Amino acid sequence: MNNHLKNYKFLPKIRLILLTFSLIYAGNVQKAIAQIIPDQTLPQNTRVTPDGNLMKIEGGTQNGINLFHSFQEFSIPEGGAAFFNNSVDIQNIISRVTGHNISNIQGLIQANGTANLFLINPNGILFSPNAQLNIGGSFTASTANSIIFDNGSEFSATNPVAPPLLTVNVPIGLQMGNQPGSITNQSQGLGIGIDGKAANTGLQVQPGQTIRLIGGDVILNQGNLTAFGGKIELAALKNGTWSLQPANYVFTSPDFQLGSIRLFRQSQIDSSGAGGGLIVMQGGDISLTDGSRILSNTYDALNGGGIKIQAEQFSLDNRAFISSSTIGTGNAGNINITAKNSINLVGTDPLSFLEQLLTEKFNPQSLYDGIFSVTAGEGTGGNVTLDTAQLQVMNGAAILTPTLGKGSGGNISLFASRFADITQGSILITGTIGSGSAGNINIVTPQLRVLQDGYIITSPGRSGAGQGGDITLNADTVELRGVTSGVAVPAGLFTATLGTGAAGDILVNTRQLTVAEGAQVSASAAGAGKGGNLTVNAESVNLRGVSEDGRFLSGLLTSSSLLTVQGQKGTAPAGDLTVNTQRLVVQDGAQISAATGGEGSAGNLTLNASESIDVVGFGTNIDKSVESVSFGIIGDGIVPSSIESNTSGAGSAGDLRINTGRLTVRNGAEIGVRGTNEGPAGNLEIQANQVRLDNEGTISAATVAGTGGNIRATAQSVELRRGSQITTNAGNADGGNITLGTSDLVALENSDITANAEAGKGGQVRINAQGVFGTQFREFQTPQSDITATSELGAEFSGAVEISSPEVDPSAGLVELPTNLVDPTTLIATRCSGKEGNQFVITGRGGLPPSPNDALTSEPTFINWINLVETRHGASLPGTIGASLRGAVKTTPNPPIQEAQGWIVRADGAIELVTNPPQGTPQPTGVLPPQCSTL
């Protein structure tokens, strides 16, 4: 970087070199004179005289520090030079063209001292390939009608008979007319580059000075503009005023219109320097193509000015790029692009920058296809801000603000009032491979789509100690999907750390989040740095499917993996994963996972879904490389949809907490906490109104060697059907515990609740339910379901199964009535004589089940009266619940049925049959007829 600073000593030689070029021009001097023709509109008119191949311009009207020239024609042929022979006390040389022809500048324009030079020609200005500047001050070329001064007066090219310029002082603006001509720059003039070597710098001013091209349209056709450490302004407008003040804004009028600014055929705008200069562009349609570039890089201790672009439409394609970077101690300038309608960035080589960054072969001096603010020194990187209605970054285009040194990287902020698309191998990256921290990424839009290998990443590299940046999305809808076959990493949103620095966090605020076709949202740690947290706040979250080649599962992930970086293993913990939503769907092999594969612990996983969580089905055609993730492959290339907290290393798995209205796990899907290596599994806690497992749906807490995880579920109802499971089975460890609290527990069609162990103790199964219902035994149904807590080491190592019944025994006080009634005539006695006889009417059996001799009704009723008795280890217990209770089962025996021996009248007047009536005097029954005497 110091060499670049030293190279500035060559820059004063530009004027000498250009003067030498002017002396060797060959051309027709008489023709040149004819092309620079003064008019007769000034109090003191301009004089043009030939001096060899030079056209010497003298005279004019001086007003203080300003010198005014007026021409009928002003063009310089190839090989010619126009020399403004001003006195050195002049600060501004202000020239106008009052005729009707454009100015064609094919040669050299030069002036004395440090005077600023203004050239206005409303008809248009063309700078040909050999056009050059040799002036000490700034240069302004414009197709404006007039120059405005601070006292309100104008120096007009369209109204040259205006009052004499007696009191003018400082020019403050350029007044554009209805049909201003265009400015075209083709200059490839030879000058001194930033490295002190000869270069095609085109139109170049001294370091720190300004170049302005202000026209109806501004076109750079293989043309260059250079102002090292200075300012470059391009504007295309009609019926407005361009300010010459530092604010750089446009005074609009009712008829204000913007023209086009186009850079093509490798055109270049360069204001780089010890501190990058400011570049300002304003137009209706602004485009860069064909390898064209805009540069404002900082090479030493001064802070950069940055790049400001304001347009209605902005486009960049075909290897064009913008850079405001720093390799020095000075900060890079910011890049701000505001386009009312759209911003389109189109690349040529999808995934190329991703591959460079993954292999750490990124070269900040070989940029193309994007917007860059690279930090390679101690200075802070510039921020990149895009503000538009429609944003499209496609076909490998890039927005990068990485830091390669000690300085912090810049932020990326995208604001799109309609939508933002990152597609076809395009990337947004803030990262660090040095000690500097990475910048943040912030996106605000109604609709964000990251499709077909699109990437949004902030990551510390494996050789860096800097902190990763955060990703924050605020959108009505967020859609992430599409991974091409053969790519190295899945597409989506990522914060990751490969070194000692911590990864950043991801925050997604949206109404609807969709992650599909192998795309992922992931916050991970692969080195010694801590993984980031992932938080999603949404009305609905839909995760589905796998990539086309079966290598990547769609999902939300936080992880810590085992990777040796600079001699250090991956020991840092992963971040937490939290989803707050109304509805969550995980299907077709997608997953939500908080995992660790190293020594660091996994983060906690919390899901809050006020309405429902559905985990459904499995993915097919899965590549074997994904066996280490999720619950592994089942069968031939099939992986279940899953929600899991997992450890496959020495680190502990995190806890999994689910709070929802309805939890459904079906068609082979799984929810669980797992330990597949020496690390302990976490705990699983479920709070729901309804839990439904169907068709081999599974809730599990499994461990191979570490401490077994526990499951605690509280719900109004828990239903297991068609081979579903709730299990805490363990391998070489003790089985975990299962605690279920529910009103109704239903286990049908060979669905099991198990806390078994292979080489350890069985766990505890505790069920607190109002009702426990199981399979009814009929020949067309599946075998009974099981509730077990066993150990393969033997009965003495088995766990316990406890089922808590309600405190009130529903059989208390009930008696079994006889099916054969006694002949009522033997029980009826006449107690008095009279005309009316006694009657006994049988109205039916009321509420009793039909007797074996009765005809069957259309709605058969199944009743199975049994007495539960205490069983020992390993005993099988049939019954209406259809469960085989193995282990130490504790139940309360029902009392034997006894016949009623009397009745009592309760306090509310109701009569109750009891087995032990109180002592009293028997009273007659029945109603006495009115003629009977009680005497």
Side-chain angles (χ1 to χ4, degrees), residues 220 262-269 285-295 307 309 311 313-325 335 337 339 342-374 382 384-386 388 390-402 410 412-414 416 419-431 441 443 445 448-459 479-494 519:
L220 272 66
R262 294 186 293 148
L263 281 72
F264 57 96
R265 296 182 65 201
Q266 297 183 333
S267 296
Q268 176 175 293
I269 299 174
D285 187 353
I286 299 179
S287 63
L288 282 75
T289 189
D290 302 335
S292 299
R293 50 203 175 270
I294 300 175
L295 310 175
I307 299 169
I309 298 175
Q313 294 84 225
F314 175 82
S315 63
L316 180 154
D317 62 23
N318 195 18
R319 302 185 75 81
F321 71 94
I322 296 173
S323 174
S324 178
S325 303
I335 299 174
I337 302 177
S342 63
I343 295 176
N344 295 319
L345 310 179
V346 184
T348 59
D349 194 2
L351 301 173
S352 62
F353 284 107
L354 180 65
E355 182 179 355
Q356 292 177 33
L357 292 166
L358 290 175
T359 58
E360 298 192 358
K361 295 181 179 179
F362 174 71
N363 184 354
Q365 295 182 348
S366 299
L367 302 179
Y368 55 92
D369 286 346
I371 300 173
F372 305 89
S373 181
V374 182
V384 174
T385 302
L386 307 185
T388 188
Q390 300 178 176
L391 172 64
Q392 292 183 304
V393 185
M394 60 187 116
N395 201 43
I399 303 175
L400 304 184
T401 63
I412 297 176
S413 297
L414 307 182
F419 67 81
D421 288 352
I422 316 298
T423 65
Q424 300 167 332
S426 299
I427 59 174
L428 274 64
I429 293 183
T430 69
I441 297 177
I443 301 177
T445 183
L448 172 65
R449 296 186 296 182
V450 182
L451 311 175
Q452 302 172 22
D453 302 323
Y455 295 85
I456 300 176
I457 302 173
T458 172
S459 172
E479 182 181 0
L480 315 173
R481 61 179 175 84
V483 179
T484 302
S485 177
V487 298
V489 294
L493 313 180
F494 300 91

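Here the structure is a predicted model, which is why all the values come from computation and not from measurement.
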For a quick test of reading the model, state the closest non-hydrogen atom pair linking [X] to [Y] and the distance between them.
X: Ser373; Y: Ser324; answer: OG-O, 2.8 Å
X: Ala491; Y: Gly454; answer: CB-O, 3.3 Å
X: Pro364; Y: Phe362; answer: CD-O, 3.7 Å
X: Val374; Y: Ser325; answer: N-OG, 2.9 Å

Atom CZ of Arg262 with >12 non-hydrogen neighbours under 6.0 angstrom: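 For Arg262, atom CZ is not crowded (no more than 12 foreign heavy atoms under 6.0 Å).
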Validation row: [X], [Y] side chains within 4.5 angstrom (heavy atoms):
X: Ile441; Y: Leu493; result: no
X: Ile371; Y: Ile337; result: yes
X: Leu295; Y: Phe321; result: yes
X: Val483; Y: Asp453; result: yes
X: Leu448; Y: Leu414; result: no
X: Glu479; Y: Leu451; result: yes
X: Gln392; Y: Gln390; result: no

Steps toward side chain to side chain contact (heavy atoms under 4.5 Å, CB included) verdict (Leu400, Ile427): CA-CA 8 Å; Leu400 304 184; Ile427 59 174; 3.8 Å; yes
Rounded to the nearest 0.5 Å, how far does [atom2] of [Y] lie from [atom1] of [X]?
X: Phe264; Y: Thr289; atom1: CZ; atom2: OG1; result: 9.5 Å
X: Ile422; Y: Ile399; atom1: CD1; atom2: CD1; result: 6.0 Å
X: Leu316; Y: Ser292; atom1: CG; atom2: OG; result: 9.0 Å
X: Arg265; Y: Leu220; atom1: CZ; atom2: CG; result: 12.0 Å
X: Arg319; Y: Gln266; atom1: CZ; atom2: CD; result: 10.0 Å
X: Leu480; Y: Ile456; atom1: CG; atom2: CD1; result: 7.5 Å

Criterion side-chain contact (heavy atoms from CB on, under 4.5 Å) against Phe314, the qualifying member of Leu391, Leu288, Leu386: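 When Leu391, Leu288, Leu386 are each tested with Phe314, the side-chain contact (heavy atoms from CB on, under 4.5 Å) holds only for Leu288.
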Residues Tyr455, Leu351; criterion side chain to side chain contact (heavy atoms under 4.5 Å, CB included); working and verdict: CA-CA 9 Å; Tyr455 295 85; Leu351 301 173; 3.5 Å; yes
Test item: Ser426 side-chain N/O and Asn395 main-chain N/O as donor-acceptor pair under 3.5 Å: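 Between the backbone of Asn395 and the side chain of Ser426 there is a qualifying donor-acceptor contact (under 3.5 Å).
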Side-chain (Thr388) to main-chain (Ala416) donor-acceptor, under 3.5 angstrom: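 Looks like no, no N/O pair under 3.5 Å.
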Residues Arg449, Asp421: salt bridge by 4.0 Å N-O rule: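 Yes, this pair counts.
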Side chain to side chain contact (heavy atoms under 4.5 Å, CB included) evaluation trace for Asn318 with Val346: CA-CA 7 Å; Asn318 195 18; Val346 184; over 6 Å; no
Donor + acceptor pair across side chains of Thr430, Thr401 (<3.5 Å):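 Looking only at side-chain atoms, Thr401 and Thr430 do not form any donor-acceptor pair under 3.5 Å.
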Any donor-acceptor N or O pair under 3.5 Å, side chains Tyr368, Ser352: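 The answer is yes; a qualifying pair exists.
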